[in-house]
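Written below as structure tokens is the structure these notes are about.
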Amino acid sequence: MILKIHTFPDPVLRQKALPIKFDPKSNKELETLAKDMLETMYDAPGVGLAANQVGILKRIVVIDVEYEVEGESEKSRRFVNQHPLILINPEILKKEGQILYKEGCLSVPGVAEDVKRYSEIHLSYQDLKGKKCELKAEGLLAVAVQHELDHLDGKLFVDRLSEIKKTMIKKKLIKNQPRKFERSKFHVEL
Ligand code: QAP
Ligand code: CO
């Protein structure tokens, strides 16, 4: 199921997601959420998605920085070479180096700016079964993990830009927002 992606300035993007507790007998709900988040990410298409972005305040993110889209039309579209990564309760253990990467975000559509991130990170997380795992990431994957972990703490990539750039982008985004109540000749003025 494709979920609705919440966009700036939706307050859910500013809230902190809560740790996921594993229920030994059933995590069907969590499996469904992970599957739906992946489907939503591929459909967008995007390379990462955090639960906050689909309006759920749980510490789970999905990432795939390797897949390719094949086919022209909406109908014939195929996603090949998929390497989905599901990270639950992720935590950065070690970080080093620097990388500048032009980031975008499905929740901040149409904006892409260079952001400074760590170029290599080690992280711990849990998989869908609740098993503790560790991962070393570098390059684009490291950028994606840091971007998605920020979402879980209510942070957006635009927050990491200079004050002047941030102000300009926020102004533009608010101005381009669809209006809730469009005036029309059918509108009854009170
Ligand atoms: C986060 O971002 C990320 O503005 C995921 O019009 C960013 O998938 C990870 C997207 C950079 C690693 C590097 C953005 C699609 C997708 C847009 C995304 C747009 C269409 C962003
Ligand atoms: Co994002």
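Note that ligands are numbered from 1 as they come in the structure, with each ligand's atoms numbered from 1 the same way. Residues: numbered from 1 along the sequence shown.
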Nearest candidate to atom 19 (C) of ligand 1, where distance is taken over non-hydrogen atoms, out of Ala44, Gly110, Gly46, Ala142
Gly110
Taking only heavy atoms of Gly48 into account, list the atoms of ligand 1 that are under 4.0 Å away from them.
5 (C), 8 (O)
I'd like to check which ligand 1 atoms, numbered from 1 as shown, lie under 4.0 Å from a non-hydrogen atom of Tyr101.
13 (C)
Look at ligand 1 and say whether Met41 reaches it with a heavy atom at a distance under 4.0 Å.
no
Going by an N to O cut-off under 4.0 Å, is there a salt bridge joining Glu120 and Lys95?
no
Note: ligand 1 atoms sitting under 4.0 Å from heavy atoms of Pro109 are 4 (O)
Under a 4.0 Å heavy-atom limit, does His147 contact ligand 1 with its side chain, its backbone, both, or neither?
side chain
Show the atoms of ligand 1 that are less than 4.0 angstrom away from any heavy atom in Leu140.
12 (C), 13 (C)
With a heavy-atom distance limit of 4.0 Å, tell me whether Phe157 approaches ligand 1 through its side chain, its backbone, both, or neither.
neither
How far is atom 2 (O) of ligand 1 from the closest protein heavy atom, and which atom is that?
Gly104 O, 3.4 Å
Backbone or side-chain N or O of Val47 under 3.5 Å from ligand 1 N or O
yes
Is it true that Ser107 and Gln53 share a donor-acceptor pair across their side chains at a distance under 3.5 Å?
yes
For residues Val62 and Leu149: do they belong to one hydrophobic cluster (side chain heavy atoms under 4.5 Å, members Ile, Leu, Val, Met, Phe, Trp, Tyr)?
no
Do we see a donor-acceptor contact under 3.5 Å between the side chains of His147 and Glu103?
yes
Short side-chain donor-acceptor distance under 3.5 Å, Asn89 and Gln126
yes
Ligand-residue contact atoms, ligand 1 with Glu148, heavy atoms, under 4.0 Å
1 (C), 5 (C)
Classify the contact between Ala144 and ligand 1 as side chain, backbone, both or neither, using a heavy-atom distance cut-off of under 4.0 Å.
both
Go through ligand 1 atom by atom and flag the ones less than 4.0 Å from a non-hydrogen atom of Glu103.
11 (C)
